Amino acid sequence: MNIGLLIAGGSGARMHQDIPKQFITVNEKPVIVYTLEAFQSHPQIDAIAVVCIAGWENVLRAYAKQFDITKLQYVIPGGENGQGSIRNGVYELEKHFSKDDIVLIHDAIRPMVSADIISDCIRVTEEHGCGITTIPCAEAMLQTTDGMVSTGSYPRDNLKRTQTPQGFRIGDICDLHREALEKGVTNSVASCTLMIELGRPVYFSKGSEKNIKLTTVEDIDIFKALLMAKRSEWLKD
């Protein structure tokens with residue numbers, strides 16, 4: 001089975017709004033519902049779980065009912081940080097699914113995730129045991145120690161920009177989090193960085209520039225534009 005685990009445990013402080021950014025309404029629909037719909041409509045996703053910020057669980061369930069998100073099975077409390085929220089989520093899934101089932105860990109605030117991205121993440125995870133959604137690094141990358149000046153650069157061909165979903169076997173990712181706790185690793189920024197910190201290789205699956213993470217108000221503007229965008233027929237894929 002393939003389970004989508006949406007991480008919606010953060011408050012979204014950088015958005016500077018009165019409600020968590022995953023519940024901000026865009027074109028009369030909450031951001032998290034767009035994300036839920038992407039997993040709901042994907043034929044390879046069998047179930048959905050959400051790690052939800054405290055106090056918003058009933059709101060989430062109401063939205064799921066309103067927008068017919070029938071695959072939502074579990075609403076899980078958030079943790080002390082991102083790593084803690086993911087840990088809570090995968091530990092809960094471990095109680096209900098096989099260790100060989102696949103979990104796709106996804107930011108609830110990446111509402112533009114496509115069916116192709118989800119499919120490729122599943123494919124790579126099936127083949128290699130994990131699948132990390134990535135895109136090429138197109139910009140020049142400069143090194144700095146103080147955030148103000150640079151005297152060095154890094155080859156962009158040696159870099160990947162990571163996105164979500166990030167796929168794993170449930171047993172493997174739960175064992176990874178147990179090992180992290182034993183070694184005192186408690187604030188890794190993502191599942192892929194946790195893998196690397198603990199000496200595991202990660203394998204890349206296909207992402208997209210459109211698969212944006214809504215972090216600032218400017219990102220909401222971009223999201224609205226993407227919802228309206230239609231590619232010109234003469235452009236080649």
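Nothing here was measured: the structure is a model prediction, and the numbers come from that model.
The aromatic rings of H177 and Y91 stand perpendicular to each other, their planes meeting at an angle above 60°, with 30° marking the opposite boundary. Taking the six-membered ring where the residue is Trp, F97 and Y74 present perpendicular rings, their angle passing 60° and hence far from 30°.
Side chain of D46 to backbone of N2: a donor-acceptor contact under 3.5 angstrom is found. Side-chain N or O atoms of Q22 include none that pairs as donor or acceptor with a backbone N or O of I109 at under 3.5 Å. Looking at T164, its side chain never comes within 3.5 Å of a backbone N or O of Q166 through a donor-acceptor pair. Formation of a donor-acceptor pair under 3.5 Å by the S114 side chain with backbone atoms of I117 is found in this model. Listed for the S85 side chain is a donor-acceptor partner under 3.5 Å among the backbone atoms of G79. For the pair Q40 (side chain) and T70 (backbone), a donor-acceptor distance under 3.5 Å is present. The backbone N or O of R169 lies less than 3.5 Å from no partner atom in the side chain of D172, so there is not a single donor-acceptor pair. Listed for the D107 side chain is no donor-acceptor partner under 3.5 Å among the backbone atoms of R110.
Contact check for N187 versus E80: no side-chain heavy atoms found under the 4.5 Å cut-off. Looking only at side-chain heavy atoms (C-beta outward), I7 and H106 stay at 4.5 Å or farther from each other. Side-chain contact check for L72 versus I69: some heavy-atom pair is nearer than 4.5 Å. Residues E92 and V51 form no side-chain contact, since every pair of their non-hydrogen atoms from C-beta on lies 4.5 Å or further apart. At least one side-chain heavy atom of V50 sits under 4.5 Å from a side-chain heavy atom of I32. Counting heavy atoms from C-beta outward, V26 and I220 have side chains that approach closer than 4.5 Å. Between L176 and R200 there is a side-chain heavy-atom pair separated by less than 4.5 Å. L5 has its side chain out of reach of L104: every pair of non-hydrogen atoms, C-beta onward, lies at least 4.5 Å apart.
Between R161 and E209 there is a salt bridge, since at least one side-chain N of the basic residue sits less than 4.0 Å from a carboxylate O of the acidic one. Comment: K183 engages E179 in a salt bridge, judged by a side-chain N to carboxylate O separation of less than 4.0 angstrom.
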Chi angles and distances behind the side chain to side chain contact (heavy atoms under 4.5 Å, CB included) call for I3, I45: CA-CA 6 Å; I3 304 97; I45 296 296; over 6 Å; no

Steps toward side chain to side chain contact (heavy atoms under 4.5 Å, CB included) verdict (M112, F223): CA-CA 8 Å; M112 292 294 292; F223 176 42; 3.5 Å; yes

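Considering all non-hydrogen atoms of both residues, K213 and D219 come closest at O-OD2, 3.3 Å. Residues S208 and I135 share a closest heavy-atom pair of N-CG2, 3.2 Å. Across all non-hydrogen atoms, the minimal contact from S191 to I86 is OG-CD1, 3.7 Å. For the residue pair H42 and I122, the shortest heavy atom distance occurs at CE1-CD1, 4.5 Å. The shortest heavy-atom contact between C121 and P165 is SG-O, 3.7 Å. Across every non-hydrogen atom of G207 and T133, the tightest pair is CA-CG2, 3.3 Å.
Residues L6 and L60 are members of one and the same hydrophobic cluster, defined by side-chain heavy-atom contacts under 4.5 angstrom among Ile, Leu, Val, Met, Phe, Trp and Tyr. Following chains of ILVMFWY side-chain contacts shorter than 4.5 Å, one can reach F168 starting from L181, so the two form part of one hydrophobic cluster. Cluster annotation: V90 and I196 are assigned to the same hydrophobic cluster (Ile/Leu/Val/Met/Phe/Trp/Tyr, side-chain heavy-atom contacts under 4.5 Å, transitive). Cluster annotation: V103 is connected to V202 through the hydrophobic network of ILVMFWY side chains, with a link wherever side-chain heavy atoms come within less than 4.5 Å. Connection of V31 to L227 is established within a shared hydrophobic cluster, with ILVMFWY side chains joined at heavy-atom distances below 4.5 Å, either directly or through further cluster members.
To the nearest 0.5 Å, atom CD1 of residue I170 and atom CG of residue D101 are 5.0 Å apart. Taken to the nearest 0.5 Å, the SG atom of C174 stands 3.5 Å off from the CD atom of E94. Expressed to the nearest 0.5 Å, how far NZ of K21 lies from CD1 of I53 amounts to 10.5 Å. Expressed to the nearest 0.5 Å, how far SG of C130 lies from CD1 of I105 amounts to 10.5 Å. Atom OG of S205 sits about 7.0 Å away from atom CD1 of I132, to the nearest 0.5 Å. Going from atom CD of E197 over to atom CG of L194 covers 6.0 Å, rounded to the nearest 0.5 Å.
Between the side chains of T162 and T134, no donor-acceptor pair of N or O atoms lies under 3.5 Å. A side-chain donor from one of E218 and T216 sits under 3.5 Å from a side-chain acceptor of the other. In this structure, a donor-acceptor pair under 3.5 Å is absent between the side chains of S150 and Q143. Side chain to side chain, Q163 and N211 meet the donor-acceptor criterion of an N or O pair below 3.5 Å. Between the side chains of D146 and T144, at least one donor N or O lies within less than 3.5 Å of an accepting N or O.
By the 4.5 Å side-chain criterion applied to Ile, Leu, Val, Met, Phe, Trp and Tyr, M228 is assigned to no cluster and stands alone. The other residues sharing a hydrophobic cluster with Y154 are M141, L159, where clustering joins ILVMFWY side chains under 4.5 Å apart.
Contacts of K29 classified as side-chain contact (heavy atoms from CB on, under 4.5 Å), with partners at least two apart in sequence or in another chain: V33, Y34, E37, F67. Applying the salt bridge (Lys or Arg N to Asp or Glu O under 4.0 Å) criterion to E127, with sequence neighbours excluded, gives R123. In this structure, D116 has no side-chain hydrogen bond (donor to acceptor under 3.5 Å, both in side chains) partners at least two apart in sequence or on a different chain.
Within the structure, ring-ring contact (aromatic ring centres under 6.0 Å, His included) pairs that include any residue of residues 188-216 comprise H128-Y203 (at least two apart or interchain).
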